[in-house]
Undergrad: 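Mind having a look at this structure? Questions to follow.
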Amino acid sequence: MDHIAGRARTSSDGLPGILQQRAAGPRRTAFRFLADGTSDEAVDWTYHDVYEHAGRIAADLLERELTGRRVVLALDPGLHYIAALFGIFRAGATAVPSFPPTGKRAVARFASIVVDSTPDVIIADRRLEGRTAQFAAELPDTVRPPEWLFVDDAYFDGPAPATAVPDAVSDPALLQYTSGSTGDPKGIVLTHENLVSNCRALEHNMGYEADRVGCTWLPPYHDMGLMGTIMLAVHGGWPLVLMSPAHFVQQPYRWLKAITDHKVTISVGPNFAFDMCTSSITDDELETLDLGTLRQVFCGSEPVSRVTLDKFRERFGPRGYDETSLIPCYGLAEATLYVSGKPTGTPLRTERLDKEALENGVVRRAGGEGKDAEPGRVAHVVSCGTVADGHEVTVVDPDTLLPVPAGRVGEIWVNGPNVAHGYLGRPELTAATFAARTADGGEGTHLRTGDLGFLLDGELFITGRLKDLVVIAGRNLYPQDIELSVRQAHEKVRGCAAFSVPGEQGEELVVAAEYRGTARQLAAEGAAVLDAVIAAVTADHGVRPAAVHFGPVGAIPMTTSGKVRRDATRKAYVRGTLKKLALAADDMPQAVR
Ligand code: 649
C-alpha cells in the first residue's frame, strides 16, 4: 500500500520531502538498475537507500555552502545519478543534469553547459579523476573552473550525516539543457513546483494502480528520462527498472526482455525505439517475450508514426502487446515535460487527412476511395490525446498571433503550471518564448512551443515544426551546429542549410551547401568535398547526412538580415526547385547512405 497516499497532501510537498516520507516507511525497492542491461546483474535500492546516499552528497555540498548554487551532474546513467540528483535537491542547490564529458562531441556540449550555467561543483565518477585538466583547458579564461566532486561505490558506504530537507517549492530545482544548440545553449529554469505539477498532471492521465512497475532506458539528462520516469516513480511510489541507454541501443531486445522479466506495467520510448525493436528482435528472442503485463506505453518526443505502431503491433501483438496500452504523447522541456497524452484505456486515434490541404494549414479528412486513397495524398496523423489537467493549449497563427479558427493548423501555445519560468540569463528570449500574448487581447501569457498542430474534438495533433530543430533517431540536433561543421569541412563550401525530410525510417538529415566554384570544378573535386562534408557531420554530430545537395553561391534562401531560411530551403529541396550546380549530387558518388 502507498503509505503516504492516505495523508492529505499540501502544496509544499516537493520531491525531496516525498522521498523523505517514503524513506521513513517500509523498506521497498525504489530502483532496480540492470547493470549489464540484463536481469543477471540487477542492483536494487530502496527509498531509504536513495535517501541515505542523497544525504551523503547533500552533506558534501552543504559543507561547501552551495545552497542556491548550481551543481552539474556529470555521472553515467544509473543509481549514483539518482542519489546525486536527490542530494543536490536536499542541499537546496540547483541540479544541472548532464553526462560525463568523454568524447569530442560530449566535451563540446558539456563545456557549453558549464560555461552557461556557471556551476560551483561538477559531480562525476571517480574514474574521471585524472582527466579534469584536459576538460578545464576547453573552458574559456572568463569562466571560473568549477570544483569536482568524485563519487564511486565506496563514497556512498556508511551512514550519511543527517541534514534538513528543504521544502521551499518555489525555488529553482533544475536547469534543463535539452533546448538550445551547442553554440547557443539555453538552460530552462524549473522550480520544485514545476516538477511536482508535471508528476501530478501525468498521474491524472495514468490513474492509480497498486501494482505499477516502470521500466526505462532513457537518458537521465533528458526531460523524458528525468521528469518522465525517475521523478514520476518517486512521486508515485512505484518501483522503476532502469538500464543505460547504451545497453538499449546495442540490443533493443533488452528493453522488452526487462519488461518481461520484471512484469513491467508502464514504459516509454520515442517512436524510433519501437522501430528498433521491430527491426532488430529475432524470432528466437521474440519467443522469450511476454508483454502482457504492459498497461501503459508512452510514445513521444518525436512524431508518432502510424506505420511504426502498426508494424510493432503486428510483431509483438502475438507476445501479449495490446495496442490500447500505447499512449502517444507530446511535451517539451520548456513545459517541464508533459503537455498532452492519450487518456489511459482509450483506443488509439489516427486521422486520415488530405496531405496537400494539411501542408497549406487546413485540416480536411481524406476521401476513402479512388485517387484520394493513394498513400501520397493521405497523411495519417496520430492523436497525441487530451491536454494535461490544469493546462490549456491555444493554436495560434504564428504570423498574425491570432488564435486560428477550428480546422486550421497553427503554432501550439501552452499555459499552465508545467510551464517553466524561462531561460537562465536570457530575459528577452524568455519574454518572447514564455510570456507570449495573442493579438486579440486574450487574457494571460503562453509558452510558444515552436511546434505546429491542431485541435480536433479536444485532442491535440502535432503536424510539424516551426522551429528549425532537426530530430533524428530521438536526438535533437540544432541546424546551426551542423551548418558550422559543414562550413568548416571544406574551404569551397560557403552558405549552407541543414534540415530534415521524412524518409522510410523516420526523419533524415539533408545538407544543402553552396559551392564556391563552377559546375566543372565541382565535377572534378566534388567527391572530395562531399566526403569532407559527410565525414565532418558524422564525426561532430553522430548522424550521417542522407543526402548532400550542392548549389551555386546564392542558392540558399536567406532573410534580409542574412539568416538562413531553412524551411524555405527544405521546401525548395523537396519540390526539386532548389538551385543545383549542373553536375551536382546526382552525378556524384552516391550521397545517399
Ligand atoms: C516529450 C519530451 C512527452 C521531449 C512524455 C511522458 C516508466 C515508464 C513510463 C513513464 C514513467 C516511468 O521530447 C515527452 C511526454 C512520459 C511519461 C512516462 O511515464 N522534450 S524536448 O524538449 O527534448 O523536445 C521537445 C520537442 O520534441 C518534439 C516537439 O518538437 C517538441 O517541441 N516532440 C514531438 N513532435 C511530434 N510529436 C510528438 N508527440 C512530440 N513530442 C515531442
Side-chain angles (χ1 to χ4, degrees), residues 31 97 176-180 186 188 190 198-199 201-206 209 212-236 238-243 255 258-259 262 264-273 294-305 308-309 325-342 344 381-385 388 411-414 418 420 433 447-453 459-472 474-478 500 502 506-507:
F31 296 105
Q176 181 67 34
Y177 276 95
T178 307
S179 208
K186 291 186 290 226
I188 301 161
L190 300 169
N198 178 70
C199 291
L202 274 163
E203 284 164 0
H204 188 264
N205 168 299
M206 291 159 30
E209 285 175 352
R212 177 168 283 147
V213 178
C215 176
T216 178
W217 50 265
L218 295 171
Y221 48 82
H222 184 244
D223 56 352
M224 197 150 81
L226 196 59
M227 275 69 90
T229 71
I230 294 169
M231 292 184 192
L232 190 63
V234 169
H235 191 265
W238 34 271
L240 183 66
V241 179
L242 308 110
M243 70 174 75
W255 176 29
I259 290 171
H262 304 280
V264 168
T265 69
I266 178 168
S267 198
V268 51
N271 193 77
F272 79 87
L294 275 177
R295 291 191 291 257
Q296 283 142 345
V297 191
F298 285 84
C299 177
S301 163
E302 51 176 15
V304 180
S305 150
T308 298
L309 300 185
S325 65
L326 196 106
I327 304 178
C329 55
Y330 163 77
L332 68 169
E334 281 82 350
T336 310
L337 173 69
Y338 183 61
V339 171
S340 80
K342 193 194 78 169
T344 288
V381 189
V382 180
S383 165
C384 282
E411 186 185 2
I412 296 165
W413 290 22
V414 183
N418 285 5
T433 310
L447 163 69
R448 291 190 68 162
T449 66
D451 293 309
L452 297 171
E459 294 185 29
L460 185 62
F461 293 76
I462 314 294
T463 57
R465 207 178 293 121
L466 194 62
K467 58 194 176 195
D468 292 326
L469 195 67
V470 172
V471 183
I472 295 195
R475 288 192 39 220
N476 290 350
L477 302 165
Y478 289 82
S500 62
E507 294 285 297

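Indexing begins at 1, ligand by ligand and atom by atom, following the structure's order. Quick caveat, the model's predicted, so the values are computed rather than measured.
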Undergrad: Do Pro270 and Leu218 make a side-chain contact, defined as non-hydrogen atoms from C-beta onward lying under 4.5 Å apart?
TA: yes
Undergrad: Is Tyr330 in polar range of ligand 1, meaning some N or O pair under 3.5 Å apart?
TA: no
Undergrad: Below 4.0 Å from any atom of ligand 1, is there a heavy atom belonging to Pro328?
TA: no
Undergrad: Nearest 0.5 angstrom please: Thr449 OG1 to Arg465 CZ, how far?
TA: 10.5 Å
Undergrad: Between CD of Glu507 and CG of Leu477, what distance do you get to the nearest 0.5 Å?
TA: 11.5 Å
Undergrad: For atom 36 (C) of ligand 1, which of the options Gly385, Gly228, Pro270, Pro303 provides the nearest non-hydrogen atom?
TA: Pro303
Undergrad: Heavy atoms only, cut-off 4.0 Å: how does Phe298 contact ligand 1, side chain, backbone, both, or neither?
TA: side chain
Undergrad: Taking atom CG of Leu337 and atom NE2 of His222, what is their separation to the nearest 0.5 Å?
TA: 8.0 Å
Undergrad: Name all residues meeting the side chain to side chain donor-acceptor pair (under 3.5 Å) criterion together with Arg295; count only those two or more places apart in sequence or in a different chain, and write none if there are none.
TA: Glu209, Asp211
Undergrad: Residue-level breakdown please: for Ile266 versus ligand 1, do any non-hydrogen atoms fall below 4.0 Å on the side chain, on the backbone, on both, or on neither?
TA: both
Undergrad: Does any part of the side chain of Met227, heavy atoms only, come nearer than 4.5 Å to the side chain of Leu190, both counted from C-beta?
TA: yes
Undergrad: Can you find an N/O atom of Leu202 closer than 3.5 Å to an N/O atom of ligand 1?
TA: no
Undergrad: For ligand 1, indicate whether the residue His222 contacts it via side chain, backbone, both or neither (heavy-atom separation under 4.0 Å).
TA: side chain
Undergrad: Does only the side chain of Ile462 get under 4.0 Å from ligand 1, or the backbone, or both, or neither? Count heavy atoms.
TA: side chain
Undergrad: Under 4.0 Å from a heavy atom of Cys384: give me the atoms of ligand 1 that qualify, with their elements.
TA: 39 (N)
Undergrad: Just heavy atoms, cut-off under 4.0 Å: does Leu232 contact ligand 1 by side chain, backbone, both, or neither?
TA: side chain
Undergrad: Answer yes or no for Gly450: is there a heavy-atom contact with ligand 1 below 4.0 Å?
TA: no
Undergrad: Quick check against the 3.5 Å criterion: does Lys342 have a side-chain atom that pairs as donor or acceptor with the backbone of Leu326?
TA: yes
Undergrad: Record the part of Leu240 in heavy-atom contact with ligand 1 below 4.0 Å; permitted values are side chain, backbone, both and neither.
TA: side chain
Undergrad: Quick one: does Ser301 get an N or O within less than 3.5 Å of an N or O on ligand 1?
TA: yes
Undergrad: Which of the atoms of ligand 1 are close to Asp451, meaning less than 4.0 Å from one of its heavy atoms?
TA: 29 (C), 30 (O), 31 (C), 32 (O)
Undergrad: Begin with the C-alpha distance, continue with both residues' side-chain angles, and end with the deciding distance and a verdict on side chain to side chain contact (heavy atoms under 4.5 Å, CB included) for Val297 and Val268.
TA: CA-CA 5 Å; Val297 191; Val268 51; over 6 Å; no
Undergrad: Examine the proximity of ligand 1 to Phe461 and report which part, side chain or backbone, both or neither, has a heavy atom under 4.0 Å away.
TA: neither
Undergrad: Just how far is it from atom CG of Asp223 to atom CG of Leu226, taken to the nearest 0.5 Å?
TA: 8.5 Å
Undergrad: Hey, looking at atom 15 (C) of ligand 1, which of Cys329, Ser305, Ala388 has the closest heavy atom?
TA: Cys329
Undergrad: Considering the heavy atoms of Cys215, write down every atom of ligand 1 situated less than 4.0 Å from one of them.
TA: 7 (C), 8 (C)
Undergrad: Determine, step by step, whether Trp238 and Leu232 satisfy the side chain to side chain contact (heavy atoms under 4.5 Å, CB included) criterion, reporting the C-alpha distance in whole Å, the side-chain angles of both residues, the deciding distance to 0.1 Å, and the verdict.
TA: CA-CA 9 Å; Trp238 34 271; Leu232 190 63; 3.8 Å; yes
Undergrad: Does even one non-hydrogen atom of Ala233 get within less than 4.0 Å of ligand 1?
TA: no
Undergrad: Using distance alone, determine whether Tyr338 and ligand 1 share an N or O pair under 3.5 Å.
TA: no
Undergrad: Closer than 4.0 angstrom: is that true for some heavy atom of Gln296 and an atom of ligand 1?
TA: no
Undergrad: Holding to side chain to side chain donor-acceptor pair (under 3.5 Å), I want the full list of residues that pass it with Trp217, two or more places apart in sequence or in another chain.
TA: none
Undergrad: Quick one: pull up OG in Ser340 and CD1 in Ile412 and give me the separation to the nearest 0.5 Å.
TA: 8.0 Å
